[in-house]
Amino acid sequence: MTTTIYRTSSKRAPLRDQRGSFFIPFAIHPPFCYDKRVTHEKFQKPYDPQGTEGRIYKLWEKSGFFNPDRLPLINTDEKRVNADANSRRKSVSHPRTSAFCIVMPPPNVTGVLHMGHALMLTLEDIMIRYKRMRGFKTLWLPGTDHAAIATQARVEKDVYKKEGRNRHDLGREEFLKRVEAFAKESHDTIVSQIKVMGASCDWSREAFTLDEKRSLAVGTMFKKMYDDGLIYRGSRIVNWDPKGQTTISDDEIVYETRKAVLYTFRYGKDFPIPIASTRPETKLGDVGVAVHPEGKWKKYIGKTFLIQDFAGVPLTLKVVGDEAVDKEFGTGAVGLTPAHSHTDSEIADRHELPKDRVVIGELGKMSEAAGARWNGKKVAEVREGVVLWLKEQGLLEKEEEITQNVATAERTGGIIEPLPKLQWFVNVNKPVAERGGKTLKEIMREAVASKEIKILPEHFEKTYFHWIENLRDWCISRQIWYGHRIPVYYCKRGFGGELQVHKVVKSVKSDCENPIVSIENIVDCPHCGGTVEQDPDTLDTWFSSGLWTFSTLGWPSFAKATAGTPGPENDLANYHPTDVLETGYEILFFWVARMVLMSGYALGEVPFRTVYLHGTVRDGQGRKMSKSLGNGIDPIDVAKKFGTDAGRMALIVGNTPGTDTNISEDKIRGYKNFANKLWNIARFILESTKGETLESGFSAYSSADMKLREERHGILADVTKDMEAYRFYLAAEKLYHYAWHTLADTVIEESKEIFRSGAPEEQKSRKQFLLHTLDKVLRALHPFIPFVTEEIWQLWKQPEEKEGMLMVQEWPIH
RNA sequence: GGACGAUUAGCUCAGUUGGUUAGAGCGUGCGAUUCACAUUCGCAAGGCCACUGGUUCGAAUCCAGUAUCGUCCACCA
């Protein structure tokens, strides 16, 4: 190996004398002393991501440039317009005037980073780095989510496994301590992993959905909505999870297909209409029978029947006609159990049937209303009992096995028991005076319909509208302990001394206002001075997530008054609405829509301009990654084995928005080779152009090189267009292809001959072309593979100032 | 049941919104090479762009229908 190694240590930066020219102390080859480039011994070995990435990340972090307030001016090469005939470029410094902001979808503090997170981080980092290089004041605000139910369930499981105790054994305070300890540990892991991914986010602004500032935001929002009459307490059929002892949202239900027996029977010998049910035990709570208005049972509509004894209880059944009943299905009639079925409850509403006949309790056991015979017994047991009774009475007409979808809780697996409960709701259909009389539903719809928010890919807009059409009031209270406690207090005196939060209790005579909504903690009733007790429930985690774009930017503490001034206290003015929300399509409804709601309601503006939805990351064969299949790929393992750059590139190339993507080790290995290829391209160019410095105004290109230059311009212009249009998958692939198959395979191969036997001008031209191309390729690839490009840049340019880092150089628009 | 999407090389997928000969990666076959490359390079094979019809000078791309697969939503007593 004949390569000259100028320097082997990275310590010595050339010194400057007072006139700003370089003063070379000693031992550096004189002819090339103006060339800061060195051929580093590192280039003698293959690229080593493990030894590089951590060090480079620290370099970036230390620079402070992740923080938009500390970003340097952007340096731009511009042609002089008014000056002399000399068309050489000069360097101009521009302030960063436009802002670009992404608020990171906060990973749950329940575990470790997975491939989906890696994809999210990569896409966002690409956008952020690109915009930073385009001269924007870029803020990428990181954070984590307390993920109430998920985290609590996780800790409950752990505690039970280790100590055999449940949360009630520990008590609220002690249990929360455990959860917080777990969340803290999990948080630290996640943050370190986000850093491994190369994410250039501003850690000084890091947020947590359950920290003090966010809690203030949540409390403020709750009070505002309550005062506006948008939050109300009401008795509704909720999805009760008897196993988790909590209410869960529709979105947290998973349906499992199971076999069940459908029983067809009559309530009594004299009752004319047979009905069918897979849950005869609930029939103890029936208040009527619904039939189709034009069906075969039409003649009974409006009649009321009294059943003296239905398995131990009397029933009063009114026959009503309702369109919701399918005349072809089953017997063409539905027994109505308003307290234990969503649809029955709605039918009962339409026909003013009583809804208070609750026969099943929170523990999944029968209640008093089910009669002395069944009171306190388990549901399954009672089902058998009722069927037996029906058989004995000769009322059972048919038993058939059917498959049905059973609603179960995603987290606990418990079978959902619809129960009426007193819960807190957000009214989505009430006009909001402050917002021109629009309802929350309309706010959500119009933000997208008016194109103020653009969703990528576009077809998800249809799904979004469809979801909004079917939206019901949002139940926001959860009977769990970990989360934002509902900022509501009850004066005990107002309830006659006994607090019964979930039951409708008739107000005892009292002047006290109940409930009392307060952002501050209170212990005494502001009216009578008696003791108050806080609502034991916590808020749905999406309530706090909904505020994420502005609770992270300072709301409600900092008003929107000082746009243009740097500093976190002006973030709301400077960065909201944010520019892009990048997330998985599976949480379009849970989260995206709710952010639109909250932001539109509280600030009167959209939370973001563009929604970029990515797909699910699957394995090489298109299967979902799962623990049971053992086909998961851990992004941290990938970083160790192939380097983060390789993993990032593999996730991006060919990954269109909204579409699932497959990833395999083979694909990642391919891009590890690419990082090494780039390394070798740099090595070749830097070694074969020794003595030559990149001349920024160079124009004496040979005709062949002029052509190559045109081609390069074309590619980079295309890539820039792709970046602007969020076609990162195309941009990445084009750059990959250009670097490998044009620059390396063609240009460099030709150059070898030129350097061997070409004319001096030809050699000079080619050397300049190669240096310029390397410079631009490194810049353009930096958002995608930031580590290897920065490392090459550092070895080549040896910047003395942190402003010389590739991360803050200008993007090559052509 | 409703909505949305997909169907392109052996495999996994692009195809920038109608324009010449449909591309990439991996894989396969043949041949070079240690001269930047824990290799890399060159060459090659391989496609009725699901099917049927329509619009158009021109369709993988737009429209209608059919088939298969997938995702989401709702959930029926």
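In what follows, chains carry the letters A, B, and so on, assigned in the order in which the sequence lines appear, proteins first and then strands, with residues in each chain numbered from 1.
Between B:C35 and B:U40, the two C1' atoms lie 12 Å apart (nearest whole Å). Distance noted for atom C1' between B:C48 and B:C43: 27 Å (whole Å). Taking atom P on both B:G25 and B:C51, the two are 26 Å apart, rounded to the nearest angstrom. On the P atoms, B:U7 is 14 Å away from B:C63, given to the nearest whole Å. Only the C1' atoms considered, B:C26 is 25 Å distant from B:U21, to the nearest whole Å. B:G19 and B:G58 have their P atoms separated by 15 Å, given to the nearest Å. Distance check on atom P: B:G42 versus B:C4 gives 46 Å, rounded to whole Å. On the P atoms, B:A74 is 31 Å away from B:U8, given to the nearest whole Å.
For the pair A:N680 and B:U40, the criterion of a side-chain N or O lying under 4.0 Å from OP1 or OP2 is not met. Residue A:N662 places at least one side-chain N or O closer than 4.0 Å to OP1 or OP2 of B:C13. Applying the 4.0 Å criterion to OP1 and OP2 of B:A77, one finds that A:Q404 has a side-chain N or O inside that range. At the phosphate of B:U40, OP1 or OP2 sits under 4.0 Å from a side-chain N or O atom of A:N673. Considering only side-chain N and O atoms, A:K462 lies nowhere under 4.0 angstrom from the phosphate OP1 or OP2 of B:G2.
Looking only at atom types and distance, the side chain of A:E582 has a donor-acceptor partner in the side chain of A:H614 under 3.5 Å away. Judged purely by distance below 3.5 Å, without hydrogens or angles, the side chains of A:S345 and A:K355 pair a donor atom with an acceptor atom. There is no side-chain donor-acceptor pair under 3.5 Å between A:T264 and A:E397.
The residue A:A324 sits apart from the nucleic acid: no heavy atom pair falls under 4.0 Å. Residue contacts shown for A:T656 are limited to sugar-phosphate atoms, with no base heavy atom under 4.0 Å away.
The two residues A:L735 and A:L781 come nearest to each other via the heavy atoms CB-CD2, 3.7 Å.
Note: CD1 (A:I685) to P (B:A36) measures 13 Å, nearest angstrom. One interatomic measurement links the two molecules: CZ of A:F590 to C1' of B:C73, which rounds to 12 Å at whole-angstrom precision. The distance from atom NE2 of A:H466 to atom P of B:C73 is 11 Å, rounded to the nearest whole Å. Computed from coordinates, the A:I253 CD1 to B:C72 C1' distance equals 15 Å when rounded to whole Å.
Taking the six-membered ring for Trp and thresholds of 30 and 60 degrees, A:Y671 and A:F674 have ring planes more than 60 degrees apart, a perpendicular arrangement.
Every salt bridge (charged side-chain N to carboxylate O under 4.0 Å, His left out) that A:D666 has, sequence neighbours left out, goes to A:R669. For A:Q768, the side-chain contact (heavy atoms from CB on, under 4.5 Å) partners two or more places apart in sequence, or in a different chain, are A:E692, A:E695, A:F698, A:Y701, A:K764, A:H772. For the salt bridge (charged side-chain N to carboxylate O under 4.0 Å, His left out) test, residues two or more places apart in sequence or in another chain that qualify with A:K391 are A:E399.
Side-chain proximity of A:I748 to B:A36, B:C41, B:C75: nearest is B:A36. Closest to the side chain of A:K677, from the set B:U40, B:C4, B:A77, is B:U40. Here the nucleotide nearest the side chain of A:P46, chosen from B:A38, B:C75, B:A77, is B:A38.
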Are A:T720 and A:W811 close enough, and set up right, to give a side chain to side chain donor-acceptor pair (under 3.5 Å), and what steps lead you there?
-> CA-CA 9 Å; A:T720 303; A:W811 169 269; 3.1 Å; yes

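Only A:G620, listed by number, bring a heavy atom of residues 610-625 of chain A to less than 4.0 angstrom from any atom of RNA chain B.
Checked for salt-bridge contact, A:D48 and A:K42 miss the test: no charged N lies under 4.0 Å from a carboxylate O.
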Contact string for nucleotides 16-35 of chain B, one letter per nucleotide 5' to 3', B = base within protein heavy-atom range under 4.0 Å, S = sugar-phosphate only, - = neither, reads B-------SS----------

Based on Watson-Crick and G-U pairs with both distances under 3.5 Å, what dot-bracket line describes RNA chain B 5' to 3', crossing pairs as [ ] and inter-strand pairs as |?
-> (((((((..((((.....[...)))).(((((.......))))).....(((((..]....))))))))))))....

